[in-house]
Amino acid sequence: MVALPQDRGTPPRQGGWFYRWRTAKIADPAFQEWAARFPLTRPFVRKQAEALYDLVAGFVYSQVLHAFVELDIPRRLMTRPRSADALAPEIGLTPEATRRLLQAAVAIGLCRVRHGKYRLSQMGAALIGAPGVIEMIRHHPQFYQDVADPVALLRGEVDTNLSKYWGYVGGAQTHDMQEDIAAPYSALMAVSQAMVAAETRAAYPMDRHKVLLDIGGGEGAFVSAMLAYAPDLRGIVFDLPAVAERATARLEREGLSRRAEATGGSFLTDPIPQGADLISLIRVCYDHQDDVVRALLRKIRKALPPGGRLLISEPMSGGDRPTRPGDAYFGFYTAAMSTGRPRSLAEHAANLEEAGFSDVKAHPTAQPFITQVISARAD
């Protein structure tokens, strides 16, 4: 556990004369040309130029990754190296197109090539063991369409795919949500939940609690993972009725129906189930606007017994030190959802304290780009 950082404002001298002089100098084409040739500055200029190029080309790299996954190349290369000519008939591409894709995969680190045969790199092989990542890659074309015109997205002028895909967005569909709406996003949440659950379990001691209530718990993937880790723990999944039905079926399939149950309802309008000494919000807060989050925290505070704890686990903003996962990726992903935003640890802490929680703590995770964890006590 660590102390929560405080968001700091812009240093007062950052916009002074040195900043203006430095920016103007770097923007000067003549200076850039000189710096690219001068031995002492040349390595730095090249590094910056390559980084800028990667930003420009980043969308192409992600499309290479999508084709790599969609054509099931990790599995096809899992047992032995293959040539482009041998692989082409299996994936329905010409040998030349296959070679183009594999060369690009080598360039971005997914493959290695030797004597004309392609094999998985460590990163490429890691995809096989990360089904949640693969499903997110397959899901991304909807997101890419939404950000095709980023300025229009930021202006709120795009009728986005993601606002329709995530059926609970805006709270318009709650008890009346149908199975065909709940099923796609619930399945994606469940398969991608494994990574978040593993990070959360390693960061926070679940076995100190008796009953876990997972609000917005989807198909119950998180509760199932926590019950497997803590054999004396009981679980409750609380989600919209159509989703809770899927959770009930999952808990029965996994033999957990005696230790866990799923309750249908909306945390926007319905009472929160009682009896838990630990309530979790796993990838819930960043889906909603500030007023919804503050109201939910107040409801949770009333539902917990004295000494009970609330656990928040989700990707977060870096505050005054923005991060690529939290502020760039999830900042735009939630914009495409048309609701919510990633919040920093300090913002979460302020909301929790305002709702009446104390002893707010951050629990470091091994992979904070997947999730960050914060807990608070109800007094």
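Arg100 CZ: 12 or fewer foreign heavy atoms inside a 6.0 Å radius. More than 12 heavy atoms of other shown residues, nucleotides or ligands fall within 6.0 angstrom of atom CD in Glu157. Within a 6.0 Å radius of CZ in Arg138, other residues, nucleotides and ligands contribute more than 12 heavy atoms.
Under the side chain to side chain contact (heavy atoms under 4.5 Å, CB included) criterion, Met195 pairs with Val133, Ile370, sequence neighbours left out. When the side chain to side chain contact (heavy atoms under 4.5 Å, CB included) test is applied to Ala97, the partners found at least two apart in sequence or on another chain are Leu93, Thr94. For Met78, the side chain to side chain contact (heavy atoms under 4.5 Å, CB included) test picks out Ile128, with sequence neighbours left out.
Aromatic ring pairs are classed by plane angle as parallel below 30°, tilted from 30° to 60° and perpendicular above 60°; the pair Phe31 and Trp34 is tilted. The aromatic rings of Phe267 and His288 lie perpendicular to each other, with more than 60° between the two planes, well past the 30° mark.
The shortest side-chain heavy-atom distance between Leu153 and Phe332 falls under the 4.5 Å cut-off. The shortest distance between side-chain heavy atoms of Phe68 and Ile137 does not fall below 4.5 Å. Between Arg234 and Lys210, every side-chain heavy-atom pair lies at or beyond the 4.5 Å cut-off. Residues Gln103 and Val64 are not in side-chain contact: their nearest non-hydrogen atoms beyond the backbone lie 4.5 Å or more apart. Residues Arg343 and Asp290 meet the side-chain proximity criterion, which asks for heavy atoms closer than 4.5 Å. Inter-residue side-chain proximity for Thr248 and Glu245 is flagged as unmet; no heavy-atom pair is nearer than 4.5 Å.
At least one donor-acceptor pair closer than 3.5 Å links the side chain of Lys299 to the backbone N or O of Asp270. Looking at Glu314, its side chain does come within 3.5 Å of a backbone N or O of Cys285 through a donor-acceptor pair. Within the 3.5 Å criterion, the main-chain N or O of Pro231 finds a donor-acceptor partner in the side chain of Arg259. Between the Ser280 side chain and the Ile282 main chain, no donor and acceptor come within less than 3.5 Å of each other. Under the 3.5 Å distance criterion, the side-chain polar atoms of Ser121 are matched with a main-chain donor or acceptor of Gly124.
Residues Phe357 and Ile312 are members of one and the same hydrophobic cluster, defined by side-chain heavy-atom contacts under 4.5 angstrom among Ile, Leu, Val, Met, Phe, Trp and Tyr.
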Ignoring hydrogens and angles, write down the donor-acceptor pairs under 3.5 Å from the side chains of residues 301-310, residues two or more places apart or on other chains.
residue: Arg301; atom: NE; partner: Gly356; partner atom: O; Å: 3.3
residue: Arg301; atom: NH2; partner: Asp379; partner atom: O; Å: 2.2
residue: Arg309; atom: NH1; partner: Asp359; partner atom: OD2; Å: 3.1
residue: Arg309; atom: NH2; partner: Asp359; partner atom: O; Å: 3.0
residue: Arg309; atom: NH2; partner: Ser375; partner atom: OG; Å: 3.2

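Within the structure, every pair that satisfies the side chain to side chain donor-acceptor pair (under 3.5 Å) test and touches residues 144-156, not counting sequence neighbours, is listed here: Gln145-Asn161, Asp146-Asn161. For residues 104-115, no residue pair satisfies the side chain to side chain donor-acceptor pair (under 3.5 Å) rule, not counting sequence neighbours.
Between the side chains of Glu199 and Thr371, not a single donor N or O lies within less than 3.5 Å of an accepting N or O. In this model, no donor atom of one side chain and acceptor atom of the other lie less than 3.5 Å apart for Thr160 and Ser338.
Test Phe59, Tyr329, Phe330, Tyr165 against Phe143 for ring pair (Phe, Tyr, Trp, His ring centres under 6.0 Å) and you get one pass: Tyr329.
Between Glu96 and Arg99, at least one side-chain N (NZ, or NE/NH1/NH2) sits under 4.0 Å from a carboxylate O, which counts as a salt bridge.
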